[in-house]
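Just so it is clear, the values below take in all heavy atoms, side chains as well, and ignore hydrogens, waters and symmetry mates.
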Amino acid sequence: AWASDGLLAIFFFVAGVELKRELVVGQLRDPRTAALPVVAAVSGMVGPAVLYLAVTAGHPGDARGWAIPMATDIAFALAVLAVTAPHLPPALRAFLLTLAVVDDLGAILVIAMFYSTAFHPVPLAGAAVLLAAYALARRAGIRAWYVYLPLVVVTWVLVHDAGIHATIAGVALGLVTPARPRPGADRSTAEELEHRWRPVSAGVAVPVFALLAAGVPFDPSALASVVTSPAAIGVMVGLVAGKAIGVFAGTYVTVRFTRAQLDASLAWADVAGVALLAGVGFTVALLIGQLAFPDDPARGEHVRAAVLLSSVLAAVLATVVLRRRDVAYRKLDTGLDAGASPELDEDAARGSAPPGTR
C-alpha cells in the first residue's frame with residue numbers, strides 16, 4: 001500500500017511535470033503536431049478496453065479489470081526504443097513520448113473516476129488550497145525545501161483522505177509546476193525538478209513498487225492461469241493486440257481522413273513498431289490491477305502474471321520490428337548500401353506509404 005500510494009506518487013509527479021512541459025513548450029503545445037499522437041493514445045486506450053470486455057463477456061467478476069491493459073509504461077517503452085533502435089528518426093521518439101504522456105493522463109483520469117473509494121469533499125478542498133499555495137510559491141521563485149515539504153506531504157495526505165488515489169496528488173503537483181524559465185534562468189522549475197526526481201522515480205519508486213506488486217508464484221499453476229483465467233486472457237489480448245491495433249488504426253484513420261500528416265521522416269512500419277511497443281504496460285497496469293481486484297488475491301495473481309508476460313511479449317515483438325527499421329535507417333545514414341541510389345536507399349528505409357497519406 002505504501003509503495004502504490006506513496007512511492008508511485010513520485011512516479012506520477014514526474015509524469016505530471018513531463019506532461020506540463022509537453023503542454024507548454026513541447027509537442028502538445030501545437031494542436032497540429034499533437035493531433036496524431038493524441039488520437040493514437042486515445043484509440044490505444046479504447047481498443048484494449050473493448051477487447052478486454054469482449055474476452056471477459058459472461059464473466060461479470062472479471063469486468064472490473066477493463067482498464068488494466070489501457071496504460072503504456074512510459075519509462076520502459078522509451079528505454080526499449082532507445083536500446084533497440086538508436087538510429088530511428090527523433091520524430092518517432094517524440095511521437096511515442098507524446099502518446100505515452102497522453103496515455104498516462106488517461107490512466108490517471110480512469111483511476112480518479114473509476115477506482116477511487118468513497119469521495120469526501122472537505123479534505124479535497126483543503127488539498128486544493130495547499131496545491132494553490134504550492135503553485136504560488138513556485139511562481140514566486142521560492143527554493144527552500146522546508147517550504148515545500150509540508151505542502152507536498154499534507155496535500156498527499158488530504159488527497160488520500162478525500163477518497164481519491166493518492167498518486168493523483170503527485171500528478172496535480174506536477175501540473176502546477178512552472179514550465180517556462182524565470183527571467184535570467186537557463187532552465188524552468190519543471191525541468192529542474194524532472195532532472196532531480198526522475199532518477200528517484202526510475203531507480204527507487206518503480207523498482208520497489210514492481211518488487212512488491214509484481215510478485216507471482218513461478219510454478220506451472222500460476223503460468224497455466226494466464227491461459228485459463230478470462231481476466232488474464234483479456235489483459236494479454238488487450239496489451240499485445242488491442243494496443244497495437246488501436247494505436248496504428250487511430251493514426252492511419254486520422255491521416256487518411258483529416259489534414260493531419262505523418263512526419264516526413266517516418267514510415268508506417270515505424271508506426272507499427274511503436275504501436276507494438278505501446279503494449280508494454282507494467283507499472284500503471286500493475287497498479288490498476290491492484291485497484292481493480294483488491295479483495296480477490298487469486299484473480300489479482302492471474303492479472304499480474306498476464307501483465308508481466310504480455311509486457312515482455314509486446315517488447316519482444318516491437319524489438320523485432322524496430323530493429324529491422326533501425327538497420328534500414330543506419331544503412332541510409334552511413335551509406336553502407338553503395339549498390340543502390342540514394343533515392344532507392346531512402347525509399348527502402350522509409351518504406352512505402354498508402355497514396356495520399358504523406
Side-chain angles (χ1 to χ4, degrees), residues 18 21-22 25-28 30 32-41 44 72-104 191 194-195 198-199 202 239-240 243-245 247-252 254-255 260-282 311-354 357-358:
E18 190 161 25
R21 290 184 60 205
E22 288 295 319
V25 297
Q27 293 283 326
L28 295 179
D30 185 352
R32 294 172 300 178
T33 306
L36 275 183
V38 168
V39 172
T72 296
D73 191 298
I74 184 171
F76 282 95
L78 289 174
V80 172
L81 181 65
V83 170
T84 61
H87 295 89
L88 290 179
L92 191 64
R93 185 186 186 280
F95 183 92
L96 176 60
L97 177 61
T98 306
L99 183 154
V101 168
V102 175
D103 188 283
D104 276 349
E191 191 174 359
E194 184 182 350
H195 179 75
R198 181 175 293 283
L239 280 174
V240 178
K243 271 291 185 182
I245 295 171
V247 170
F248 188 87
T251 306
Y252 178 80
T254 304
V255 170
Q261 291 186 338
L262 193 65
D263 188 278
S265 65
L266 300 180
W268 287 105
D270 304 328
V271 178
V274 165
L276 287 167
L277 191 55
V280 179
F282 201 62
S311 294
V312 171
L313 179 58
V316 170
L317 293 175
T319 297
V320 172
V321 175
L322 293 174
R323 285 293 294 173
R324 291 177 62 88
R325 302 299 302 153
D326 189 68
V327 170
Y329 279 109
R330 187 166 66 247
K331 288 182 178 180
L332 178 64
D333 291 339
T334 60
L336 291 179
D337 193 3
S341 67
E343 291 81 6
L344 291 177
D345 275 349
E346 186 172 351
D347 289 342
R350 291 182 178 175
S352 59
T357 60
R358 287 289 180 177

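- Applying the salt bridge (charged side-chain N to carboxylate O under 4.0 Å, His left out) rule to E18 yields the partners R198; only residues at least two apart in sequence or on another chain are considered.
- With sequence neighbours excluded, the residues satisfying side chain to side chain contact (heavy atoms under 4.5 Å, CB included) with L78 are I74, R93, L96, L97.
- With sequence neighbours left out, A91 forms a side chain to side chain contact (heavy atoms under 4.5 Å, CB included) with D263, S265, L266.
- Between L99 and A278, the closest heavy-atom pair is CD2-CB, 4.4 Å.
- By the side chain to side chain contact (heavy atoms under 4.5 Å, CB included) test, V327 is found to be paired with R330, K331, residues two or more places apart in sequence or in another chain being considered.
- For the atom pair CG of L276 and CD1 of I245, the computed distance is 10.0 Å after rounding to the nearest 0.5 Å.
- The minimum heavy-atom distance linking G250 with T254 is given by the pair O-OG1, 2.6 Å.
- Put simply, CZ on F95 and CG on L88 are 13.5 Å apart, with the number rounded to the nearest 0.5 Å.
- In this structure, OG1 in T319 is found 7.5 Å from CG in L277, a value given to the nearest 0.5 Å.
- Applying the side-chain hydrogen bond (donor to acceptor under 3.5 Å, both in side chains) test to residues at least two apart or on different chains, the pairs with a partner in residues 72-88 are T72-K243, D73-T283, H87-D326.
- Residues satisfying the side chain to side chain contact (heavy atoms under 4.5 Å, CB included) test with V271, not counting sequence neighbours, are F248, T251, L262, W268.
- Between the side chain of S311 and the backbone N or O of F282 there is at least one donor-acceptor pair closer than 3.5 Å.
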